[in-house]
Amino acid sequence: QVQVVESGGGLVQPGGSLRLDCAVSGRTFSSYAMGWFRQAPGNEREFVAALKWSGTSTYYADSVKGRFTISRGSAKDTVYLQMTNLKPEDTAVYFCATENNRQRNKPSRAPEDWAYWGQGTQVTVSS
């Protein structure tokens, strides 16, 4: 059984930083892309960032490029999302996910192509 668990959300002031952690179990971590999505109230779930299965390439939404960084964590089978220069429009529930297709050349940005999801963690950017 595949499990995806996020942690690290919270309240932060504009311009601040936050790191989200994601741990995956029950799957060969290194064979599947990992990604972060977010969903604000009234909005659809949107792509934020992805890490290719090999760990060699990263992909970002234009809205977060230069501010967010996705990377493999120091612990086994974990991935981080380091968020800096946070803005009020970054407020959302953030979800970690692992992709459907094994060793896909380029991770999909469509939520329906991601197989397993965490429960989400709230990030609120407000003064």
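Counting heavy atoms from C-beta on, the side chains of Val48 and Leu81 come closer than 4.5 Å. Taking 4.5 Å as the limit, every side-chain heavy atom of Ser31 sits out of range of all side-chain heavy atoms of Trp53.
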**Request:** Please step through side-chain contact (heavy atoms from CB on, under 4.5 Å) for the pair Ser71 and Leu51, ending with a clear verdict.
**Result:** CA-CA 7 Å; Ser71 63; Leu51 179 66; 5.8 Å; no
**Request:** Starting from the C-alpha separation in whole Å, work towards a yes-or-no answer on side-chain contact (heavy atoms from CB on, under 4.5 Å) for Gln103 and Asn101.
**Result:** CA-CA 6 Å; Gln103 297 183 352; Asn101 292 333; over 6 Å; no
**Prompt:** Stepwise, does the side-chain contact (heavy atoms from CB on, under 4.5 Å) test hold for Arg38 with Phe95?
**Reply:** CA-CA 6 Å; Arg38 66 187 182 188; Phe95 298 90; 5.9 Å; no
**Request:** Evaluate the side-chain contact (heavy atoms from CB on, under 4.5 Å) criterion for residues Tyr80 and Leu20: first the C-alpha distance (whole Å), next the side-chain angles of each, then the deciding distance (0.1 Å), finally the verdict.
**Result:** CA-CA 6 Å; Tyr80 297 154; Leu20 304 182; over 6 Å; no
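Within 6.0 Å of atom CG in Asn43, more than 12 heavy atoms from other residues, nucleotides or ligands are found, so the atom counts as buried in its surroundings.
Side chains of Thr69 and Tyr60: no donor on one and acceptor on the other come within 3.5 Å. With hydrogens and angles left out, the side-chain atoms of Thr78 and Arg72 include no donor and acceptor closer than 3.5 Å.
For the pair Arg27 and Tyr32, the cation sits on the ring face: its NZ or CZ lies under 6.0 Å from the ring centre, inside 45° of the axis.
Every residue meeting the ring pair (Phe, Tyr, Trp, His ring centres under 6.0 Å) condition with Trp117, not counting sequence neighbours, appears here in chain and number order: Phe37. Residues passing the side-chain hydrogen bond (donor to acceptor under 3.5 Å, both in side chains) test with Arg67, sequence neighbours excluded: Asp90.
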